[in-house]
Protein chains: 2
Amino acid sequence: MNTSTRTEQVFLILTALVDRPRHGYGIVQEVARLSDGQMKLKVGTLYGALDRLTGEGLLAPDRDEIEGGRLRRYYRLTEQGAAALAEDAERLASHAALATRRLRERGIPLPGKLGTAGGAA
Amino acid sequence: MNTSTRTEQVFLILTALVDRPRHGYGIVQEVARLSDGQMKLKVGTLYGALDRLTGEGLLAPDRDEIEGGRLRRYYRLTEQGAAALAEDAERLASHAALATRRLRERGIPLPGKLGTAGGAA
DNA sequence: CCCAATAACTCGCTAGACGATATATCTTGT
DNA sequence: ACAAGATATATCGTCTAGCGAGTTATTGGG
C-alpha cells in the first residue's frame, strides 16, 4: 500500500471513538449520527475492522459490561489511533480542498452547499 | 454499499481530470503531484479504475494521440463525474472537519501542521 | 549498447466491505 | 400471551478493488 490509506468506514469508526470508549452497536449508531445517517456501518464490516485495528494498535479493548442482561464489549482509541486519525483527517481535508478549488476554477454547477455554508475559511 | 463510497485513489483520479483530459501515465504523474508525492497510483489500479469509471459514466474516453511514436489515450471528466467529485469532496471535508474538531476537544498532541498553518479558520 | 523514462495493458493475489445468518435478551404493541 | 423490533454479539461466503509483477514498445541519455 502507499502509506496507509484507511477506508472511510474505518475513518468514521476511529472518529466515533475519539470522545469515549464505545461498544460495537454503539459505534454503529454513533457513525450513523456523525455521518448524518449516510454511513450505515454493517456489522460484518465492524467486527472485522475492530479486530484489525486492535491488532494494529489503533484501538484497544476496554471494559466489558453487562447492561440489562446484554453484553457490551467496549473499545477505546489509543494514542496511536488518535495520531493516525489526525494524520488521515489532515490528508483528507487537503484533498477535499484541492478538489473543490479545481472544480471552482472549472466553474461547474455546485450541487451541494459548497458555496452556501462555510466549509473552510 | 452505502451510497457511493469511492476510494481515495479514485477521488484523486477524478481530481486530476478536473482541469483537462489526461492520458493514463499523465494521470499517474498528476496524482503524485497533487498528493505531494504521497499517492503513487499503480497502473493495475489505474486501468481498472478507468474502465470502471467510464462504465459508470463519470469519465469518458477522449481523443487518442500519437506523441513521439507513443500512443496516448486520453480520458476526460464528464459532468456527472464532476458532480460526483463535488459530492465526495463535500462529504470528505465535513468528515475531516468533524474528526479534527473532536480530536481538538480531546486535546491530543497535534502531530502534523494542524495548528501551525491555516487548515481551517 | 543498455538502461531509464514514457506509454499502454493484463493477471493472480489479497484485503476489506457487504449481505446473510445465528443467537440471545429486553421492550413495546396488540 | 405472543409477535415483532430494537439491542447486542459474532461468523461466513462473496465480490470488489488495490497492488505487485510481468509484457510489449518507443525514445533519449550516458
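Values reported hereafter were calculated over all heavy atoms of this structure, with side chains retained and with hydrogens, waters and symmetry mates removed. Chain letters run A, B, ... following the sequence lines, proteins first, then strands; residues in each count from 1.
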Flag, side chain of B:R22 to backbone of B:A16, donor-acceptor distance under 3.5 Å: yes
Expressed in angstrom and rounded to an integer, what is the separation of B:L50 atom CG from C:dC9 atom P? 8 Å
Assign each of B:V10 and A:Y74 the nucleotide of DNA chain D bearing its closest heavy atom; nearer the 5' end lies the nucleotide of A:Y74
So, are B:R20 and A:E105 salt-bridged, with charged N and O less than 4.0 Å apart? no
Tell me the interatomic distance from A:L46, atom CG, to C:dA17, atom C1', rounded to whole angstroms. 12 Å
Interatomic distance where CZ belongs to B:R6 and P belongs to D:dT16 [whole Å]: 16 Å
Reckon A:T7 has a side-chain N or O less than 4.0 Å from the OP1 or OP2 of C:dA17? yes
In plain terms, say whether A:E65 and A:R73 are close enough for a salt bridge, that is, a side-chain N and a carboxylate O under 4.0 Å apart. no
Is there a side-chain polar atom (N or O) of B:T45 under 4.0 Å from OP1 or OP2 of D:dA17? no
Let's see if you get this right: which residues in residues 64-73 of chain A place a heavy atom under 4.0 Å from DNA chain D? A:R70, A:L71, A:R72, A:R73
B:R70/B:E67 salt bridge by N-O under 4.0 Å criterion: no
For B:K42 and C:dC9, give me the distance from atom NZ to atom C1', rounded to whole Å. 17 Å
Just how far, in rounded Å, is P of C:dC18 from NZ of A:K40? 12 Å
Which value, rounded to the nearest 0.5 Å, describes the distance between A:Q80 atom CD and A:L59 atom CG? 10.0 Å
Write out all pairs satisfying salt bridge (Lys or Arg N to Asp or Glu O under 4.0 Å) with one or both partners inside residues 43-54 of chain A, taking only residues at least two apart or from two chains. none
Can you tell me how far the NE2 atom of B:H95 sits from the CG atom of A:D36, to the nearest 0.5 Å? 8.5 Å
Between B:E8 (CD) and D:dA17 (P), how many Å, whole number? 16 Å
From CG of B:L41 across to C1' of D:dG20 the rounded distance in Å is 14 Å
Just to verify, which of A:L85, A:I13, A:L58 counts as forming a side chain to side chain contact (heavy atoms under 4.5 Å, CB included) with A:R6? A:L58
What residues in residues 12-37 of chain B put a non-hydrogen atom under 4.0 Å from any atom of DNA chain C? B:H23, B:G24, B:Y25, B:Q29
Ion pair A:R72/A:D64, N-O distance below 4.0 Å: no
Taking only the side-chain nitrogens and oxygens of B:Y47, find out if one of them lies under 4.0 Å from OP1 or OP2 of C:dT10. no
